[in-house]
Amino acid sequence: GSVVTGLELVRGTFFADGREAELAPFVRKTLAPALQRFGAEKRPGEKQTVTALRPQLLATLGDAGRDEGVLRAMTALARAYMDDPSSVDPSLADAAIELSAIAGDAALFELCGSRFEAAGTPTERRRFLAALGNFRDPALVDRALAYVFTGPLRPQEVLAIPRKVGTIPAQ
């Protein structure tokens with residue numbers, strides 16, 4: 001966990017000027033062995049620390065590491081979650097939904113928005129709000145920022161999208 005946190009700190013501090021792609025190979029080289037060791041899915045009898053670390057590992061590999069295999073797998077998992085939330089390990093749902101948004105299109109943006117608005121639990125609401133701030137297509141980033149003013153956000157949610165958008169690397 002501390003390695004993932006450290007990489008994110010380095011990314012935010014030293015690579016926030018459009019040079020994030022230079023960090024991606026290092027992130028993959030550093031974290032891929034841990035993912036291979038722990039696996040991308042929960043295993044019977046694994047320690048809780050591994051279950052808690054896996055989503056952070058996947059999220060960092062997919063986002064900062066630009067790992068295409070992780071992004072494909074998490075997008076597939078997000079689709080499965082959209083069809084049937086009970087089919088996806090709850091510990092991976094946040095990472096899957098947020099990573100699927102990276103290359104997501106307008107249809108996924110609409111789906112995340114409608115799922116956010118229809119959310120029956122705070123967890124679901126937070127999950128889809130975070131996804132809305134994780135889209136990278138400039139037109140969808142603009143829509144997400146506009147949603148801050150037009151969507152049904154609660155006062156404590158208003159900064160969630162701008163904070164996420166502020167961490168998005170330039171393409």
Side-chain angles (χ1 to χ4, degrees), residues 4-5 7-24 27-28 54-171:
V4 172
T5 303
L7 284 172
E8 287 298 333
L9 182 62
V10 166
R11 177 186 180 199
T13 303
F14 298 107
F15 291 89
D17 61 354
R19 297 178 52 217
E20 297 86 0
E22 296 173 23
L23 181 65
V27 170
R28 290 191 304 269
R54 182 177 291 109
Q56 295 175 351
L57 194 58
L58 288 164
T60 303
L61 273 165
D63 191 355
R66 299 181 180 193
D67 186 300
E68 291 297 324
V70 167
L71 289 170
R72 278 192 303 275
M74 291 293 99
T75 297
L77 203 60
R79 281 192 209 108
Y81 183 87
M82 297 291 196
D83 291 339
D84 177 11
S86 68
S87 70
V88 174
D89 183 330
S91 70
L92 297 179
D94 288 348
I97 300 297
E98 287 188 47
L99 289 175
S100 72
I102 289 174
D105 59 10
L108 182 59
F109 185 89
E110 292 290 333
L111 182 57
C112 286
S114 65
R115 294 294 282 265
F116 167 74
E117 291 177 17
T121 67
T123 299
E124 281 287 289
R125 192 169 172 88
R126 180 192 43 74
R127 178 173 293 142
F128 287 105
L129 180 60
L132 288 171
N134 217 33
F135 284 82
R136 305 295 163 86
D137 177 306
L140 297 177
V141 170
D142 288 346
R143 286 182 64 187
L145 291 171
Y147 192 73
V148 170
F149 300 104
T150 62
L153 277 71
R154 297 175 181 146
Q156 67 271 25
E157 297 171 332
V158 170
L159 294 177
I161 289 174
R163 282 185 184 133
K164 288 291 286 181
V165 169
T167 65
I168 293 174
Q171 295 296 310

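Being a predicted model, the structure only gives us computed values, none of them experimental.
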Legend entry - Sidechain N-carboxylate O distance under 4.0 Å for R79, D84: no

Legend entry - Nearest atoms (heavy-atom pairs only) where P162 meets V148: CD-CG2, 3.8 Å

Legend entry - Distance, nearest 0.5 Å, that separates CG of L61 from CZ of R28: 9.0 Å

Inset, instruction - Kindly say whether A64 contributes a backbone atom to a donor-acceptor pair with the side chain of R66 at under 3.5 angstrom? - result: no

Legend entry - Trace of the side-chain contact (heavy atoms from CB on, under 4.5 Å) decision for F109 with D137: CA-CA 10 Å; F109 185 89; D137 177 306; over 6 Å; no

Inset, instruction - Give the intermediate values and the outcome of side-chain contact (heavy atoms from CB on, under 4.5 Å) for residues Q56 and D94. - result: CA-CA 10 Å; Q56 295 175 351; D94 288 348; over 6 Å; no

Inset, instruction - Output the distance between atom CG (N134) and atom CG (D63), rounded to the nearest 0.5 Å. - result: 6.0 Å

Legend entry - F116 side chain reached by L153 side chain, heavy atoms, under 4.5 Å: yes

Legend entry - Minimum side-chain heavy-atom gap L92-R54 below 4.5 Å: yes

Inset, instruction - Kindly give the heavy-atom pair with the smallest separation between C112 and L132, and that separation in Å. - result: CB-CD2, 3.9 Å

Inset, instruction - Could I get the full list of ring-ring contact (aromatic ring centres under 6.0 Å, His included) partners for F128, not counting sequence neighbours? - result: none

Legend entry - For the student: nearest non-hydrogen atoms of L129 and A160, plus distance: CD2-CB, 3.5 Å

Legend entry - Side-chain heavy atoms of P55 within contact of M74, under 4.5 Å: no

Legend entry - Residue pairs fulfilling side-chain hydrogen bond (donor to acceptor under 3.5 Å, both in side chains) with at least one residue in residues 144-154, sequence neighbours excluded: E117-Y147

Inset, instruction - Compare all side-chain heavy atoms of R126 with those of E157 and state whether any distance is below 4.5 angstrom. - result: no

Inset, instruction - Would you check, one step at a time, whether the test salt bridge (Lys or Arg N to Asp or Glu O under 4.0 Å) holds for D67 with R72? - result: CA-CA 9 Å; D67 186 300; R72 278 192 303 275; over 6 Å; no

Legend entry - Distance in Å, F135 CZ paired with L108 CG, rounded so as to fall on 0.5 Å steps: 4.0 Å

Inset, instruction - Any chance you could measure S91, atom OG, to L58, atom CG, to the nearest 0.5 Å? - result: 9.0 Å

Name every donor-acceptor pair, under 3.5 Å, that has one atom in a side chain of residues 96-103 and the other anywhere in the protein, sequence neighbours excluded.
residue, atom, partner, partner atom, Å
E98, OE1, K164, NZ, 2.7
S100, OG, A96, O, 3.4
S100, OG, I97, O, 2.8

Inset, instruction - Write down the atom of G65, the atom of A24, and the distance for their closest heavy-atom approach. - result: O-CB, 3.6 Å

Legend entry - Pair Y81, R115: side-chain N/O donor-acceptor within cut-off below 3.5 Å: no

